[in-house]
Amino acid sequence: MFRKKGKLLAYLAMTALVLILAGCGEQAPGTSTGQEKVNLTGSGSSFVYPLLNQQIEEYRKQNSAITINYQSTGSGAGIKQVSEQTIDFGATDGPMTEDQLKAAKGGKILHIPLTLGAVAVTYNEPNLPKDLKIDPKVLADIFLGKITKWNDPKIAADNPDVSLPDSTITVAHRSDGSGTTYIFSDYLSRISSEWSSKVGKGTSLSWPAGLGGKGNAGVAGVIQQTTGSIGYLELAYAVQNNLPYARIKNKEGNWVAPSLQSTSAAAANATIPDDMRVSIVNAPGTDAYPIAGFAWALIYQDQTDKAKGTALVNFLNWAIHDGQALAEGLHYAKLPANLISREEELLKSITFQGQSLLK
């Protein structure tokens, strides 16, 4: 009798253990408990880093099996590394050129918009107001090295009530391949024929003047350490480092400061093509800030690893939906709702062995 009871207890204990183990495989919606662990690596844009890093941290809380390591190396490095397939995804705020797309080793690369941001013109001159007015042509001449004093008559003309100091201007710019540089130089090329012919636009430039810094953080450091300096930064970096930023005259002739509202206004009238590669600098609109742009994730349409591809597509889908809630707190503009629906279709086109990875 005791032997039978012992067998029964053993059987019940084993049954309970099986049920417990089976229950461990269940998971709440949006979490990854019990899923295969996946490690993703990304690299590129420092412009988008504050937002993307925060999105990754938040996503990790709900998807503990997914580890995403994103390095702020500059858009140029991100494009190079994703093209050579040494990372799982890149990020850039300067779209890839046709030649770069053709050279990519893994086939077709998609541009997935992650956010919108403004490039602020920041400076370090204690005797200047926090909202100095800088005309587009004047801005180009400063970065061309033609205007070298803060009390230059061309600056004074737009700031008649300001006592401008007789101090030397030092230009600060990026030393690495940079999407922020692409947006800034794209803008200068639109408003200055001299800049367009002598310097042009791109992620890496031959600068006429100034000191270089690596990444947005590096340029912020140069500006902070150099009295009389002026440079360009993604707005989040200017705010984080308590740097003043100028008002720029937009296409409609209005003086506009970079902000969430003026960045969104720049995108409001944009015609965005199917491949999502678009420039919104010098955009029309009463309230549009003229030096703004998108930041994109770069991902191969045909994935070679199903687990990684699925994890990456799911993260990007979350980033363009729930992840947008983090944007405004970090001084980025949310993606337009009508654009998100188009991005969903792009994500659905990402496949492994012909099968869509977005369910």
Side-chain angles (χ1 to χ4, degrees), residues 118-174 180-181 183-201 205-213 219-235 237-239 241-259 262 266 281-292:
V119 177
V121 176
T122 65
Y123 47 92
N124 176 11
E125 174 46 72
N127 297 309
L128 291 177
K130 291 187 176 181
D131 57 351
L132 188 74
K133 295 177 180 177
I134 301 181
D135 181 85
K137 301 289 187 185
V138 171
L139 183 64
D141 284 349
I142 289 173
F143 279 81
L144 282 166
K146 296 172 65 177
I147 293 178
T148 59
K149 291 286 188 177
W150 279 110
N151 63 349
D152 187 281
K154 291 183 178 180
I155 300 176
D158 292 318
N159 299 274
D161 299 326
V162 178
S163 178
L164 298 172
D166 182 22
S167 56
T168 300
I169 295 174
T170 301
V171 167
H173 58 75
R174 290 286 285 271
T180 312
T181 294
I183 295 171
F184 188 65
S185 62
D186 184 19
Y187 172 68
L188 293 182
S189 293
R190 300 285 184 97
I191 54 87
S192 168
S193 57
E194 185 176 0
W195 180 277
S196 180
S197 62
K198 290 184 176 179
V199 185
K201 67 179 179 180
L205 302 174
S206 179
W207 290 94
L211 303 173
V219 175
V222 171
I223 295 170
Q224 289 176 313
Q225 296 163 21
T226 311
T227 301
S229 60
I230 185 171
Y232 58 95
L233 295 170
E234 199 285 318
L235 179 59
Y237 289 86
V239 173
N241 290 283
N242 199 30
L243 289 166
Y245 38 87
R247 284 185 286 166
I248 309 295
K249 185 182 288 186
N250 70 8
K251 194 171 186 177
E252 311 299 334
N254 297 320
W255 296 100
V256 182
S259 68
S262 61
V281 301
N282 206 32
T286 302
D287 301 317
Y289 180 67
I291 321 177

Any donor and acceptor pair, going by atom type alone, linking the side chain of [X] with main-chain N or O of [Y] inside 3.5 Å?
X	Y	value
Y123	L132	yes
N254	N250	no
D135	K137	yes
D141	I147	no
D131	A257	no
N151	L164	no

With rounding to the nearest 0.5 Å, note down the distance linking [atom1] in [X] to [atom2] in [Y].
X	Y	atom1	atom2	value
K146	I169	NZ	CD1	13.5 Å
H173	I230	NE2	CD1	13.0 Å
N159	I134	CG	CD1	8.0 Å
I191	K251	CD1	NZ	12.5 Å
L243	L235	CG	CG	11.0 Å

Worksheet item: Quick check: are there more than 12 heavy atoms from other residues, nucleotides or ligands sitting under 6.0 Å from NZ of K198?
Response: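 Not more than 12 within 6.0 Å, no.
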If you take all heavy atoms of [X] and [Y], which pair is closest and at what distance?
X	Y	result
V119	Y289	O-OH, 2.7 Å
G212	V222	O-CG2, 3.9 Å
K201	S189	N-OG, 3.6 Å
P258	A118	CB-CB, 3.8 Å
P160	A157	CD-O, 4.0 Å
E125	S167	OE1-OG, 2.9 Å

Worksheet entry | F184 vs I291, side chain to side chain contact (heavy atoms under 4.5 Å, CB included): CA-CA, chis, key distance, verdict | CA-CA 6 Å; F184 188 65; I291 321 177; 4.2 Å; yes
So do [Y] and [X] actually touch side chain to side chain, heavy atoms under 4.5 Å?
X	Y	answer
D287	S262	no
T226	N124	no
V138	D152	no
N127	S163	no
D158	W255	yes
L128	I155	no

Item to complete: Go through the steps to decide whether L188 and Y232 satisfy the test side chain to side chain contact (heavy atoms under 4.5 Å, CB included), and finish with yes or no.
Response: CA-CA 12 Å; L188 293 182; Y232 58 95; over 6 Å; no
Practice prompt. Classify the angle between the aromatic ring planes of F143 and W195 as parallel (below 30°), tilted (30 to 60°) or perpendicular (above 60°).
Written response: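 Ring orientation of F143 relative to W195: perpendicular.
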Item to complete: Under the side chain to side chain contact (heavy atoms under 4.5 Å, CB included) rule, what do Y187 and L139 come out as? Steps first, then yes or no, please.
Response: CA-CA 10 Å; Y187 172 68; L139 183 64; 4.1 Å; yes
Practice prompt. Evaluate side chain to side chain contact (heavy atoms under 4.5 Å, CB included) for V281 paired with I183, printing each intermediate quantity in order.
Written response: CA-CA 7 Å; V281 301; I183 295 171; 3.9 Å; yes
Discussion item. Do the side chains of D186 and R190 get close enough for a salt bridge, i.e. N-O under 4.0 angstrom?
Written reply: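 Counted as a salt bridge, because a side-chain N and a carboxylate O are separated by less than 4.0 Å.
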